[in-house]
S.K.: 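Just dropping this structure here.
Quantities reported herein were computed from a predicted structural model and do not represent experimental measurements. The chains referred to below are lettered A, B, ... by the order of the sequence lines, with proteins before strands, and numbering in each begins at 1.
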Number of protein chains: 2
Amino acid sequence: MKYVIIGGVAGGASAAARLKRIQEDAEIVILEKGEHISYANCGMPYYIGNTIEERKKLFVQTPVSFGNRYDADVRTLNEVTAIHRDRKTVSVKNLRNGKEYEEAYDILLLSPGAEPIIPPVPGTDLPNIFTLRNVSDCDRIKAAAAQSLCDGTEAVIIGGGFIGLEMAENLHKLGYRVTVVEKADHILTPLDWPMAAIVQQHLADKSVRVITGNGLAAFQQEGDALSVTLDDGTTLPCRLAILSIGVRPNTRLAEACGLKIGEAKGIWVNEFLQTSDECIFAVGDAIEYPHPITGKPYCNFLAGPANLQARIAAMNMVYPQTVRYQGSVTTAIAKIFDLTAASTGLSENMLKKHNIEYQTVIVHPAAHATYYPGGSQIHLKLNFHPQNGMILGAQAVGTQNVDKQIDAISLIMKHQGTIFDLVNSEHAYAPPYGSAKSPVMFAGMVAENIMAHLMNPIQAAELDELLDKKEDINLLDVREIQEFKTGTIEGAGNYPVDELREFLDDIDPDKKTVVFCEVGLRGYVASRILMQSGFEEVYNLVGGMKTYRLVGRHFEKK
Amino acid sequence: MKYVIIGGVAGGASAAARLKRIQEDAEIVILEKGEHISYANCGMPYYIGNTIEERKKLFVQTPVSFGNRYDADVRTLNEVTAIHRDRKTVSVKNLRNGKEYEEAYDILLLSPGAEPIIPPVPGTDLPNIFTLRNVSDCDRIKAAAAQSLCDGTEAVIIGGGFIGLEMAENLHKLGYRVTVVEKADHILTPLDWPMAAIVQQHLADKSVRVITGNGLAAFQQEGDALSVTLDDGTTLPCRLAILSIGVRPNTRLAEACGLKIGEAKGIWVNEFLQTSDECIFAVGDAIEYPHPITGKPYCNFLAGPANLQARIAAMNMVYPQTVRYQGSVTTAIAKIFDLTAASTGLSENMLKKHNIEYQTVIVHPAAHATYYPGGSQIHLKLNFHPQNGMILGAQAVGTQNVDKQIDAISLIMKHQGTIFDLVNSEHAYAPPYGSAKSPVMFAGMVAENIMAHLMNPIQAAELDELLDKKEDINLLDVREIQEFKTGTIEGAGNYPVDELREFLDDIDPDKKTVVFCEVGLRGYVASRILMQSGFEEVYNLVGGMKTYRLVGRHFEKK
């Protein structure tokens with residue numbers, strides 16, 4: 001059997017290796033238009049920032065080493081220009097000598113990846129405007145970035161997603177003054193605002209400028225002077241700019257040969273990763289697949305799922321329709337200076353877009369037992385269905401153990417798990433690694449309390465609406481007096497939770513009552529006391545002052 | 001409703017807090033025989049070793065602060081001496097003044113914990129022989145340990161479990177020469193030998209002496225000289241010794257009042273955590289509960305499950321039989337010097353004891369992308385059912401991300417998950433946090449290959465048996481020549497995998513063939529080439545040389 005693979009990076013190379021292991025007499029041809037196969041895209045920002053010092057470390061395999069091990073015919077700088085499904089061949093152009101030829105296949109695998117989105121604005125082709133997708137991009141950015149800097153040499157990142165922020169950190173590390181421009185109202189849109197706000201604050205602390213709600217209008221060059229103009233007319237002079245507003249599936253070849261393209265504009269595949277032509281499979285960034293939570297087609301641009309798809313496709317290419325792909329809940333993570341930010345599943349914006357009802361909790365538990373040295377806080381937001389408790393998404397930010405929490409939720413979500421599964425989850429606990437209640441258990445317990453009507457949540461934005469309307473409510477800060485004095489919410493009175501029972505007669509039980517503390521736990525205890533003492537309508541502020549300070553609009557300094 | 005709670009540490013205090021939050025008018029009496037409630041047992045070794053500097057950090061709540069917040073009557077130094085189920089009261093002795101009284105209950109919760117096992121050997125009551133279970137034990141050990149040391153002052157730990165090794169590290173940190181004595185054939189029996197061997201090696205590197213397969217015979221004191229005598233007559237002089245051979249459920253009160261004690265010798269409870277008396281609930285270290293994997297009653301002595309049980313019991317105490325406990329798969333972890341060792345589910349010894357068929361894989365993947373700096377290896381062992389793929393247990397050792405792997409497997413196991421769930425798992429990947437294939441995916445993939453008969457595993461111990469019998473086999477080291485020269489297995493020939501196809505004619509395909517590499521991946525590739533080239537019976541050494549060097553008996557230096 002002869003297998004031809006278009007694209008030799010993550011998906012293509014993994015599939016080839018698996019194919020050969022399953023079928024030693026398989027004839028495998030890998031056609032890669034670039035110079036390299038099987039390289040570490042995800043490492044490129046770190047190579048640019050000199051965190052990874054040696055360029056060769058980016059290469060997992062060379063064409064020769066891979067060819068030797070897997071007895072595969074690896075042809076780099078060979079670009080496929082067309083697929084001829086009728087005669088089961090592909091047209092190939094050898095970029096080394098310009099010669100064209102046709103290559104026959106029994107089974108074809110498409111792993112063409114994704115390509116950066118270039119917005120239709122002037123100047124995107126100027127020399128110091130870059131996208132980062134392959135090794136050549138990486139080399140070009142590294143060369144441009146490495147030129148000697150004077151104090152305050154500027155770099156602009158267009159797009160505040162995971163990769164944009166990785167680039168921001170790495171250019172900052174090289175000495176640049178970095179500005180991140182994001183068209184949406186906050187950076188890191190896979191995260192909701194209360195979580196993204198923590199990252200935005202951290203970037204400000206690191207002297208990275210963040211401009212949100214403002215899109216790219218043009219790049220200009222006058223003489224040596226490059227600048228970026230934004231929608232509102234702001235001009236940002238810079239040495240270089242990175243365009244990092246996203247990628248789109250590379251479907252050119254698939255479309256040209258009439259393969260089905262789906263509603264998310266990726267190559268359509270079935271659960272066996274077969275395209276609309278049963279002899280052609282597709283994997284990686286170029287495909288779309290139903291999202292397990294929404295059921296709707298979705299394009300993930302993630303290395304983990306691509307790798308798994310390659311393994312599954314290879315099996316099905318040899319033994320037709322034996323292994324099913326289960327889709328991805330979209331789990332992603334990035335290091336952003338001292339912080340880790342991670343997400344899985346759907347953000348509030350996505351949930352609204354899909355008309356999915358949701359409730360949300362925010363907790364700020366300790367990353368490990370507070371009595372053990374070297375601890376920190378994790379900020380964890382959980383979006384769940386208020387009727388059935390199904391987990392819809394989660395996001396976490398912090399300096400330690402963030403990955404562990406999101407991995408746990410991702411695993412549970414993948415099985416259509418609920419917040420009750422979080423409550424009943426089990427984790428490895430000793431003081432250096434966590435607490436007896438893990439952050440995900442803790443978030444699950446808060447969600448369970450909401451579902452059991454033990455607690456009514458109010459989000460910071462909802463409270464701000466009440467305050468904007470000047471509604472007549474009881475607003476109770478149940479922290480200690482020392483904490484109250486560091487600042488509170490406008491109009492709040494101080495009723496420390498441990499004394500609250502003594503002051504119940506001073507508060508009007510018929511008014512709507514909102515309680516809050518620093519993170520939400522004492523607020524919960526206070527709300528329980530009030531709810532069981534004749535108070536009609538009691539709400540506890542989700543995430544407490546810790547969240548409100550970042551995203552609330554009625555914070556009052558004392 | 002009046003709730004009486006016996007025991008105010010983890011389970012008791014958590015249950016009281018939850019009780020009050022769900023029922024503000026609950027009358028709650030906590031009877032604790034010790035001086036403290038709600039303290040951090042798990043932190044005590046670190047307080048002894050000065051990692052935790054302030055004693056007060058061990059106390060999560062004081063009786064007063066807890067009483068204030070939860071409007072509970074907290075009586076420390078009040079020991080319950082009997083339960084009178086007929087008249088629903090308990091007899092209590094106030095240890096402060098010696099007075100005895102009876103306290104009535106509507107609902108009773110038992111949270112008496114576990115007590116250290118004291119072996120029936122001479123000298124266990126000598127002054128410098130300690131067990132570590134409560135704050136008084138901790139204070140005594142700290143006082144004894146803090147006396148000035150001379151070079152080489154010795155301490156002996158009897159019992160090489162998680163807590164014994166935490167104590168070994170902390171006494172070593174104080175300057176002691178530490179010996180760990182373990183009766184079983186290796187330390188850390190929740191881990192199988194190939195994993196425990198890594199920890200044993202690490203302890204040796206840290207100059208901690210480990211004696212295995214040798215039990216405690218006696219403690220002796222002559223004048224100031226304390227010593228420990230072992231079964232084989234070895235005598236170990238020491239300043240102090242810690243008895244850490246395990247704990248047993250404290251069932252004294254429960255037994256005396258006729259509550260059902262189960263086959264694992266813990267207090268029997270149903271899924272609502274009710275004892276055989278419907279007005280008496282029990283949680284924590286004193287209970288037994290069916291293990292989700294074996295279905296057999298099991299005593300877990302773990303803080304996480306105790307906490308969860310408290311939450312569940314409290315709900316059922318107020319709203320009868322509403323929330324079910326799902327059991328614990330026994331997930332545990334410890335920091336042991338620079339290493340982390342963790343386990344979940346069943347070890348091989350446990351599996352044999354329960355007559356459960358199993359297969360095992362060992363992998364040594366990178367803790368994060370190898371091209372990103374600061375990496376290390378994780379050693380991960382997965383025990384699974386060879387027919388249905390159900391995960392039966394897992395263990396991991398390493399310096400980074402060990403907790404994350406075991407948490408992931410624990411979560412999947414808890415839902416009776418299989419190795420296929422590991423393969424299809426999704427995790428948050430970026431180079432600082434992991435690899436596109438996570439260690440658990442990787443272990444799952446190897447297990448999947450075994451189940452699909454793509455690979456036949458052979459364990460180090462099985463290979464040693466063949467070599468002991470001098471069976472005539474092909475033994476192929478498929479690593480590079482440079483690696484082969486650093487030492488191999490006796491009788492192995494060197495056939496680097498990338499050249500193996502050229503040398504197939506030199507190897508007898510009718511003989512049993514065992515291949516191995518450094519960690520198992522190249523061995524797998526080689527075994528696939530051989531299996532598909534007419535070789536009858538091909539095995540790949542599980543865990544490769546990395547495991548064999550630690551546990552194999554036929555290692556040959558070159």
S.K.: Is the closest side-chain heavy-atom distance between R311(A) and E448(B) below 4.5 Å?
M.R.: yes
S.K.: Taking atom types as modelled, is there a side-chain donor on D403(B) or H427(A) under 3.5 Å from an acceptor on the other?
M.R.: no
S.K.: Quick one: of L454(A), L500(A), N68(A), who has the most non-hydrogen atom pairs under 4.5 Å with chain B?
M.R.: L454(A)
S.K.: Tell me which of these, M441(B), M445(B), R522(B), has more heavy-atom pairs under 4.5 Å with chain A than the rest.
M.R.: M445(B)
S.K.: Report the option among M531(B), K57(B), M455(B), M413(B) that has the most heavy-atom pairs separated by less than 4.5 Å from atoms of chain A.
M.R.: K57(B)
S.K.: In terms of heavy-atom pairs under 4.5 Å with chain B, which of R528(A), K335(A), Q23(A), Q532(A) leads?
M.R.: Q532(A)
S.K.: With rounding to the nearest 0.5 Å, note down the distance linking CG in N424(A) to NE2 in H415(B).
M.R.: 7.5 Å
S.K.: In terms of heavy-atom contacts, does CG of L191(B) have more than 12 from other residues, nucleotides or ligands at under 6.0 Å?
M.R.: yes
S.K.: Please give me the minimum heavy-atom distance between G43(B) and Y371(A), naming the atom from each residue.
M.R.: CA-CE1, 3.4 Å
S.K.: Shorter than 4.5 Å, heavy atoms on both sides: which option in P45(B), A40(B), S14(B) has the most such pairs with chain A?
M.R.: A40(B)
S.K.: Counting heavy-atom pairs under 4.5 Å with chain A, which one of S533(B), A436(B), S435(B), A428(B) comes out on top?
M.R.: A428(B)
S.K.: Counting only non-hydrogen atoms closer than 4.5 Å, does V497(B) touch chain A with its backbone (N, CA, C, O), its side chain (CB onward), both, or neither?
M.R.: side chain
S.K.: Does any heavy atom of chain B fall under 4.5 Å from the side chain of E166(A), the backbone, both, or neither of them?
M.R.: side chain
S.K.: If you tally heavy-atom pairs under 4.5 Å against chain A, which of D421(B), I409(B), L302(B) wins?
M.R.: D421(B)
S.K.: What residue in T344(A), V525(A), T370(A), T330(A) has the most heavy-atom pairs under 4.5 Å with chain B?
M.R.: V525(A)
S.K.: Do other residues, nucleotides or ligands put more than 12 heavy atoms under 6.0 Å from E502(B) CD?
M.R.: yes
S.K.: How about CD1 on I163(A), more than 12 heavy atoms from neighbouring residues, nucleotides or ligands closer than 6.0 Å, or not?
M.R.: no
S.K.: Pick one of side chain, backbone, both or neither for T51(B), based on which atoms fall under 4.5 Å of a heavy atom in chain A.
M.R.: both
S.K.: With a 4.5 angstrom heavy-atom cut-off, which part of N401(B) approaches chain A: side chain, backbone, both or neither?
M.R.: side chain
S.K.: Is there a side chain to side chain contact (heavy atoms under 4.5 Å, CB included) between E24(A) and R501(B) once you walk through the steps?
M.R.: CA-CA 10 Å; E24(A) 173 66 14; R501(B) 289 181 184 89; 2.6 Å; yes
S.K.: Salt bridge (charged side-chain N to carboxylate O under 4.0 Å, His left out) for R69(B) and E499(A)? Distances and angles first, verdict last.
M.R.: CA-CA 8 Å; R69(B) 175 151 309 168; E499(A) 298 153 38; over 6 Å; no
S.K.: Under a 4.5 Å cutoff for heavy-atom pairs, which residue among V60(B), I406(B), V423(B) has the most contacts with chain A?
M.R.: V423(B)
S.K.: Please classify the contact between E54(B) and chain A as side chain, backbone, both or neither, with a heavy-atom cut-off of under 4.5 Å.
M.R.: neither
S.K.: Under 4.5 Å from any heavy atom of chain A, what part of Y70(B) do you find: side chain, backbone, both or neither?
M.R.: both
S.K.: If we count only N and O atoms by modelled type, under 3.5 Å, do the side chains of E426(A) and S410(B) hold a donor and an acceptor together?
M.R.: no
S.K.: Counting C-beta onward and ignoring hydrogens, is there a side-chain heavy-atom pair between P305(A) and Y429(B) closer than 4.5 Å?
M.R.: no
S.K.: Check whether any side-chain heavy atom of F420(B) sits under 4.5 Å from a side-chain heavy atom of Q326(A), and report yes or no.
M.R.: no
S.K.: Side chains of Y433(B) and T340(A): any donor to acceptor distance under 3.5 Å?
M.R.: yes
S.K.: Heavy atoms only, distances under 4.5 angstrom: which of A430(A), S328(A), S425(A) has the most pairs with chain B? Name it, please.
M.R.: S328(A)
S.K.: If I measure from the heavy atoms of chain A, does A408(B) come under 4.5 Å with its side chain, its backbone, both, or neither?
M.R.: both
S.K.: Which bit of I412(A) comes within less than 4.5 Å of chain B, counting heavy atoms only: side chain, backbone, both or neither?
M.R.: side chain
S.K.: Under 4.5 Å from any heavy atom of chain A, what part of I22(B) do you find: side chain, backbone, both or neither?
M.R.: both
S.K.: Does the side chain of Y46(A) reach to within under 4.5 Å of the side chain of P373(B), using non-hydrogen atoms?
M.R.: no
S.K.: Please state whether the side chain, the backbone, both or neither of K56(A) comes within less than 4.5 Å of a heavy atom of chain B.
M.R.: neither
